[in-house]
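In what follows, a single structure is set out as structure tokens and then discussed.
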Amino acid sequence: MLYRTARDRASWEPDDVATEMACCALQAQQAIEHLRQMGLLMPDPQSASGYQAVRPGSALSRLMSLERELTEGWMRERAYRQDQILSLIRNFPVQAEPGSQGGIDVLPTGRAVNEFIEEHALEARVQEQAMHPGGVPPVELVDEMIHRDIAALRQGVRLEAIYAHHLAGVPHLQDYMTEVSHQGADIRVAAAVPLRMIVIDDHLAILPLDPQDTAQGAFAIRFSQVIAALRAVFSFHWAAATPLTAASPEQELGHLLSPSEEMVIHMMAMGSKDEAIARQLGISTRTLSRKVSQLLDRLSVQTRFQAAVKLTRAGALDLTDAPVQDRPR
């Protein structure tokens, strides 16, 4: 009401507006301040009221311009801090305690793990290797990964990472993989990735406390013999993984299916009832329905028949033994 008054009247007083709105003068002043902060009222000594009403579109443009300036300033400050961190690490390396041969630190929470990685990832001099079996990190964390990994790549660090196939289909992770690949990282995808881990040069490895729940925290390991063994594990899976640029949509689609999901689709195409499928898998029909619903969502289809058609055409499902009338065409 106050904004409409300021817009439609050449002259108005806050006390008069307060009376019309049946509120106190303090509330009217608070409304004026709120409108001023949004840019809908601008001080104007020439106006009888002391303010001039601004069109919402103009106020929004002004706020967006201010937001852009603040963001650009923050990015410049962040880049400056990163340069100082890299300069400190490069010219004044932190030395281990005398006589220290290694050790293991326990990082008790997911937040502690992320903070530890943020602090120590830039210690890499030669190589960083990582494996990501599943679980989609939030957009904010992926944004931090992009800045951190690009900074390492620009310092000449060789970055190699293996991701589970399905993660390549997550939009913000796909953007991350594409961006760091363009910057020189070597990204591969695999149907099965055994555990989450990060290995930095020959002096640090980060492994989850519980491979099934990475939110429980991680070990930070500094034993060279253990790190050498983990590098061998990484090399084994690296050799079997597919380069990101070489993975075809059909291959990625096929790796969306677990063995039990492939059995579910196959039995449905063969005409088996839900009860029979659930009994075969040793689960309840309710659990089966939930599994099927999740699978349809991942395949971006609406029906079970469409799922079978899509997987068959992609060569991810063999239905040659299905009844002729039931085979997707």
Using 4.0 Å as the upper bound for N to carboxylate O, is an ion pair formed by R231 and E128? no

Quick one: pull up CZ in R148 and CG in D143 and give me the separation to the nearest 0.5 Å. 11.5 Å

How many angstroms lie between CD1 in I283 and CZ in R290, if you round to the nearest 0.5 Å? 8.5 Å

Taking C-beta and beyond as the side chain, do F219 and I206 meet within less than 4.5 Å on heavy atoms? no

Shortest non-hydrogen contact between A241 and I162, atoms and distance: CB-CG2, 4.2 Å

S47 side chain to Y51 main-chain N or O, any donor-acceptor pair under 3.5 Å? yes

Flag for Q37-E33: side-chain donor and acceptor within less than 3.5 Å: yes

Straight-line distance of L2 CG to M21 CE, nearest 0.5 Å: 5.0 Å

Value rounded to 0.5 Å, distance of CG in L288 from CZ in R279: 11.5 Å

List the atom pairs, with distances to 0.1 Å, where a side-chain N or O of residues 108-115 and a protein N or O form a donor-acceptor pair under 3.5 Å, not counting sequence neighbours.
from: T109; atom 1: OG1; to: A112; atom 2: N; distance (Å): 3.0
from: R111; atom 1: NE; to: E115; atom 2: OE2; distance (Å): 3.2
from: N114; atom 1: ND2; to: G110; atom 2: O; distance (Å): 3.4

Could you give me the CA-CA distance, side-chain angles and deciding distance for Y176 and H172, then say whether ring pair (Phe, Tyr, Trp, His ring centres under 6.0 Å) is met? CA-CA 6 Å; Y176 159 79; H172 64 278; 9.6 Å; no

Residues 58-73 side chain polar contacts: donor-acceptor under 3.5 Å, at least two apart:
from: S61; atom 1: OG; to: G57; atom 2: O; distance (Å): 3.0
from: T71; atom 1: OG1; to: E67; atom 2: O; distance (Å): 2.9

Would you say the side-chain atoms of Y3 pair up with the backbone N or O of V54, donor to acceptor, closer than 3.5 Å? yes

D201 side chain vs Q127 backbone, donor-acceptor pair below 3.5 Å: yes

Using every non-hydrogen atom in the two residues, find where L173 and L167 come nearest and quote the distance to one decimal. CB-O, 3.6 Å

Looking only at heavy atoms, the pair that brings H203 and I227 closest together is C-CD1, 3.3 Å

Please tabulate, one pair per line, all N/O donor-acceptor pairs under 3.5 Å involving side-chain atoms of residues 186-198, not counting sequence neighbours.
from: R188; atom 1: NH1; to: W238; atom 2: O; distance (Å): 2.8
from: R196; atom 1: NH1; to: H132; atom 2: ND1; distance (Å): 3.3
from: R196; atom 1: NH2; to: G134; atom 2: O; distance (Å): 2.5

Which atom pair, heavy atoms only, marks the closest approach of P56 to L40? CA-CD2, 3.7 Å

Stepwise salt bridge (charged side-chain N to carboxylate O under 4.0 Å, His left out) check, R9 with E20: CA-CA 14 Å; R9 297 184 191 176; E20 294 175 14; 2.8 Å; yes

Value for CZ (R222) from CG (D202), rounded to nearest 0.5 Å, stands at 14.5 Å

Drop me the distance from E275's CD to S284's OG, to the nearest 0.5 angstrom. 11.0 Å

Minimum heavy-atom separation for L204 and A220, please, with both atom names. CD1-CB, 4.2 Å

Does any non-hydrogen side-chain atom of D175 lie less than 4.5 Å from one of I146? no

Classify the side-chain pair S181/T178 by whether it contains a donor and acceptor separated by less than 3.5 Å. no

Taking all non-hydrogen atoms of both residues, which atom of L209 and which atom of L107 are closest, and how far apart? CD1-O, 4.0 Å

